[in-house]
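Residue numbers start at 1 and run along the sequence shown.
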Amino acid sequence: MTDLAGGDAELIAASLEEPERFAALFDRHAPAIHQYVARRLGRDAADDVTAETFLTAFRIRARFDPARAGVRPWLYGIAAKQIGRHRREEVRALKLLARTGHDPVADSWTDSADDRLAAEAAARPLAGALARLSAGDRHVLLLFAWADLGYQGIAEALDIPVGTVRSRLNRARRKLRAATGAASGPLIEARTHEGDPA
């Protein structure tokens, strides 16, 4: 996905002279960033981390380079750094999910009791495996699966080479398959984005 029509990069540039223009970026991207952070850290932390993400983005907006990265990967990269500061909370939440199988964030996404029970049964081993991944592997995997960024977008978000994204994603998928004993849905399925070789 590229920046929305109306030019996110142009809005950042305009916000240097007219700071109130930055609000349009918040309106466009905050819901997706909030959802991503909530999946990683829980709803309680999502409001704060989303606010920290956009506050940081506003403060450093003059350093945004539209030739290097799109606005969306740039924002997810800032969010990933904020999440990194809350790493203990994320690992604790994943371990709790691994023990109980209850994911309060996913409750609102699953409508029927059957869907919820199936999701909870699969969530336990998957959450435990996610908790054991290195922070770098977890960032790459979850930006791929939950933020729907392609390899290039993840590379831009985390400021790492595309080859590193590929190796981290491959390693994370291998570890999740080994830990769960089977394919674990969208987190480890092989899918490609435009311009990303399989």
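- Residues Ala172 and Leu141 approach most closely at CB-CB, 4.1 Å, considering heavy atoms.
- Not a single side chain to side chain donor-acceptor pair (under 3.5 Å) links Asp44 to another residue, sequence neighbours left out.
- To the nearest 0.5 Å, atoms CZ (Arg39) and CG (Leu41) are separated by 11.0 Å.
- Under the 4.5 Å side-chain criterion, counting only non-hydrogen atoms from C-beta, Leu142 is in contact with Leu130.
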task = Step by step, work out the side chain to side chain contact (heavy atoms under 4.5 Å, CB included) result for Ile154 and Leu169.
result = CA-CA 10 Å; Ile154 295 167; Leu169 190 55; 5.6 Å; no
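- Of all heavy-atom pairs spanning Ala155 and Val162, the tightest one is CB-CG2, 3.8 Å.
- Under the rule for a side chain to side chain contact (heavy atoms under 4.5 Å, CB included), the partners of Glu52 that lie at least two apart in sequence or sit in another chain are Asp48, Val49, Gln82, His86.
- Taking both residues in full, the closest heavy atoms of Glu10 and Gly7 are given as OE1-CA, 2.7 Å, listed atom of the first, atom of the second, then distance.
- A 4.5 Å side-chain heavy-atom check between Asp148 and Arg72 finds at least one atom pair inside the cut-off.
- Arg61 pairs by the side chain to side chain donor-acceptor pair (under 3.5 Å) definition with Ser15, not counting sequence neighbours.
- When the shell of 6.0 Å around NZ of Lys175 is examined, it contains more than 12 heavy atoms from other residues, nucleotides or ligands.
- Leu25 has its side chain out of reach of Phe58: every pair of non-hydrogen atoms, C-beta onward, lies at least 4.5 Å apart.
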query = What's the verdict on side chain to side chain contact (heavy atoms under 4.5 Å, CB included) for Phe54 and Ile33, showing C-alpha distance, side-chain angles and the deciding distance?
reply = CA-CA 9 Å; Phe54 281 91; Ile33 296 289; 4.1 Å; yes
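- A distance of 8.5 Å separates NE2 of His34 from CZ of Phe26, quoted to the nearest 0.5 Å.
- For CD of Glu20, the number of neighbouring non-hydrogen atoms (other residues, nucleotides, ligands) closer than 6.0 Å is greater than 12.
- Using modelled atom types, one finds a donor on one side chain and an acceptor on the other under 3.5 Å when comparing Arg40 with His139.
- Note: the hydrophobic cluster containing Ile83 also contains Ile60 (ILVMFWY, side chain heavy atoms under 4.5 Å, direct or indirect links).
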task = Could you please spell out the steps behind the side chain to side chain contact (heavy atoms under 4.5 Å, CB included) verdict for Trp74 and His29?
result = CA-CA 11 Å; Trp74 180 66; His29 298 289; over 6 Å; no
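- Between Thr53 and Leu75, the shortest heavy-atom distance links the atoms CG2-O, 3.7 Å.
- Take Asp159 and apply the salt bridge (Lys or Arg N to Asp or Glu O under 4.0 Å) test, not counting sequence neighbours, and it matches Arg68.
- Listed for the Ser167 side chain is a donor-acceptor partner under 3.5 Å among the backbone atoms of Thr164.
- Counting only heavy atoms from C-beta outward, the side chains of Phe144 and Arg168 never approach each other to under 4.5 Å.
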key: Steps toward side chain to side chain contact (heavy atoms under 4.5 Å, CB included) verdict (Asp47, Val37)   = CA-CA 9 Å; Asp47 291 341; Val37 174; over 6 Å; no
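- Qualifying salt bridge (Lys or Arg N to Asp or Glu O under 4.0 Å) partners for Arg132, counting only residues two or more places apart in sequence or in other chains: none.
- Of all non-hydrogen atoms in Thr50 and Ala30, the two that sit nearest each other are CG2-O, 4.1 Å.
- The shortest heavy-atom contact between Leu143 and Ala157 is CD1-CB, 4.3 Å.
- Checked against side chain to side chain donor-acceptor pair (under 3.5 Å), Arg171 has the following partners two or more places apart in sequence or in another chain: Asp137.
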